[in-house]
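Only one structure is covered here, and it is reproduced in the block below.
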Amino acid sequence: MSKAFSKIMAINAGSSSLKWQLYSMPKEIVLAKGMVERIGLPNSIFTVKYGKGEKFEKILDIPSHELAVQMLLDELISLKIISSYEEIEGVGHRVVAGGEALKKSVVINEEVLKEIENLAELAPLHNPANAQGIKAFQKILPKITAVAVFDTAFHTTMPAKNYLYPLPKKYYEDYGARKYGAHGTSHFYVTQKAAEILGKPVEKLKLITCHIGNGASITAVKYGQSVDTSMGFTPIAGVMMGTRTGDIDPSLIPYLMEKTGISSVQEIINIFNKKSGLLGVSEISSDMRDIIAARKEGNEKALLAFNMYANRIKKYIGQYFALLNGADAVIFTAGIGENSDIVRSKILEEMDWFGLEVDESKNFPGAEGIISTLSSKVKILVIPTDEELVIARDVERLRVF
Ligand code: AMP
């Protein structure tokens with residue numbers, strides 16, 4: 001029997017963190033949200049935001065994801081947000097890599113969980129952590145519907161000419177060496193929202209969606225479907241990011257190993273993943289706010305990092321204009337895309353030939369919606385992403401009543 005309202009939890013588990021949001025569905029009301037950080041480390045941070053801006057924070061040692069889940073549910077009971085564990089009727093987990101087998105959101109069973117774990121090769125930093133989150137909830141809430149929502153799912157519509165690498169074909173056939181992309185849930189959400197804002201069906205729109213946060217990816221969306229995206233086999237590819245290189249010549253791997261004496265490929269990849277991007281070039285920070293502040297003070301390395309960052313995104317936007325034969329709108333989302341008018345302006349500088357004209361009076365911190373001039377041939381939009389909502393909607397849709 002279906003109930004009028006259900007409480008659904010959307011989860012994004014990292015290796016030492018657990019981000020969560022509790023919804024009342026189908027009204028899509030956020031009842032509470034929060035995060036557990038530093039799981040497994042001393043002084044874990046446990047936060048809950050609820051009500052009208054109330055915040056609860058506790059610092060204590062939380063040694064495992066399982067304990068984090070238990071503590072979270074107990075706290076929701078103490079705060080009278082739920083009255084018992086059983087009130088949670090579904091949980092949705094963000095999973096970064098779904099590979100080719102998991103093309104859309106699915107109810108998690110043993111087979112699905114095993115596949116998620118097997119796909120760790122495609123997202124070594126994320127899938128094992130996502131699986132840890134799933135298992136923690138399975139232990140504490142074994143009876144409720146658990147759904148996996150994949151970051152790669154939206155990109156499974158890419159045609160072979162865009163997802164294949166020009167490698168010997170058997171590497172794709174035998175080992176699945178291809179582009180899978182990421183951030184699909186976010187690209188999907190802003191695509192739907194853009195159609196709403198532009199007042200046109202998604203099937204009639206060609207969009208270039210820029211998810212630029214600490215991780216960043218650009219997607220070409222044709223008539224509602226992803227046709228190409230900048231991230232690749234793993235999330236290291238594409239544009240420059242907070243700590244990731246983005247696209248890079250693979251010959252640099254043996255070259256740098258020889259020059260630096262680093263003997264393991266994994267260590268080089270670790271540098272490409274965690275010590276490069278804004279952090280590597282600026283030698284200051286991976287955080288765009290720090291880069292902008294240092295740039296303002298005349299720091300040359302921060303200026304270079306900032307310019308490289310904007311330039312690499314600009315080049316992908318240009319590519320996708322070609323691939324789509326023009327676009328109706330360019331969309332900015334995620335931490336930097338939503339909040340930084342300065343980065344948006346820099347990316348879109350001198351792109352008037354493409355029909356992109358920012359209205360600087362509409363492009364300010366906190367701006368939302370259309371930020372292009374009335375005469376801009378291509379609309380420019382800022383849309384706050386909401387991956388958690390997509391997850392909660394999928395749980396509600398797939399929930400067994
Ligand atoms: P995300 O990964 O989506 O949470 O985005 C994180 C990135 O957004 C970090 O690089 C932050 O510095 C950046 N960010 C957040 N707020 C601002 C802001 N007001 N201006 C510039 N960058 C921002």
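One-based numbering, in listed order, for ligands and for the atoms of each.
Among the candidates T185, L102, N130, the single residue satisfying the side chain to side chain contact (heavy atoms under 4.5 Å, CB included) test with F150 is L102. Here the rule is side chain to side chain contact (heavy atoms under 4.5 Å, CB included) with M9, and of V395, V69, L141, L72 only L72 fits it.
Which parts of ligand 1 touch G213 is read off a 4.0 Å heavy-atom cut-off, strictly below it: atoms 1 (P), 2 (O), 3 (O), 5 (O).
Within the 6.0 Å centre-distance limit, the rings of Y172 and Y163 are counted as a close aromatic pair.
At a 3.5 angstrom cut-off on N or O pairs, G215 does not count as close to ligand 1. For a threshold of 3.5 Å applied to N or O pairs, the pair formed by A334 and ligand 1 contains no separation below that value. Of the N or O atoms in H211, none lie within a sub-3.5 Å distance of an N or O in ligand 1.
Taking atom 5 (O) of ligand 1 as the reference point, the nearest protein heavy-atom neighbour is G335 CA, 3.2 Å. Given atom 19 (N) of ligand 1, the protein heavy atom at minimum distance is N339 CB, 3.4 Å. For atom 2 (O) of ligand 1, the closest non-hydrogen atom of the protein is N214 N, 2.8 Å. Scanning the protein for heavy atoms near atom 23 (C) of ligand 1, the closest one is R289 CG, 3.7 Å. Nearest protein neighbour of atom 10 (O) of ligand 1, counting heavy atoms only, is M288 N, 3.0 Å. For atom 7 (C) of ligand 1, the closest heavy atom belonging to the protein is I336 CG1, 3.7 Å. For atom 21 (C) of ligand 1, the closest non-hydrogen atom of the protein is S340 CB, 3.5 Å. Scanning all protein heavy atoms for the shortest distance to atom 12 (O) of ligand 1 gives D287 OD1, 2.3 Å.
Atom CZ of F364 has more than 12 heavy atoms from other residues, nucleotides or ligands within 6.0 Å.
Using bins of under 30°, 30° to 60° and over 60° for the plane-to-plane angle, the ring pair H187/H211 lands in the tilted bin.
The existence of a salt bridge linking E89 and K7 is excluded, since no basic side-chain nitrogen approaches an acidic carboxylate oxygen closer than 4.0 Å. Ion pairing of E349 with K346 is present here, as a side-chain N (NZ or NE/NH1/NH2) and a carboxylate O approach within less than 4.0 Å.
Note that the CE atom of M240 and the CD1 atom of I248 stand 11.0 Å from one another [nearest 0.5 Å].
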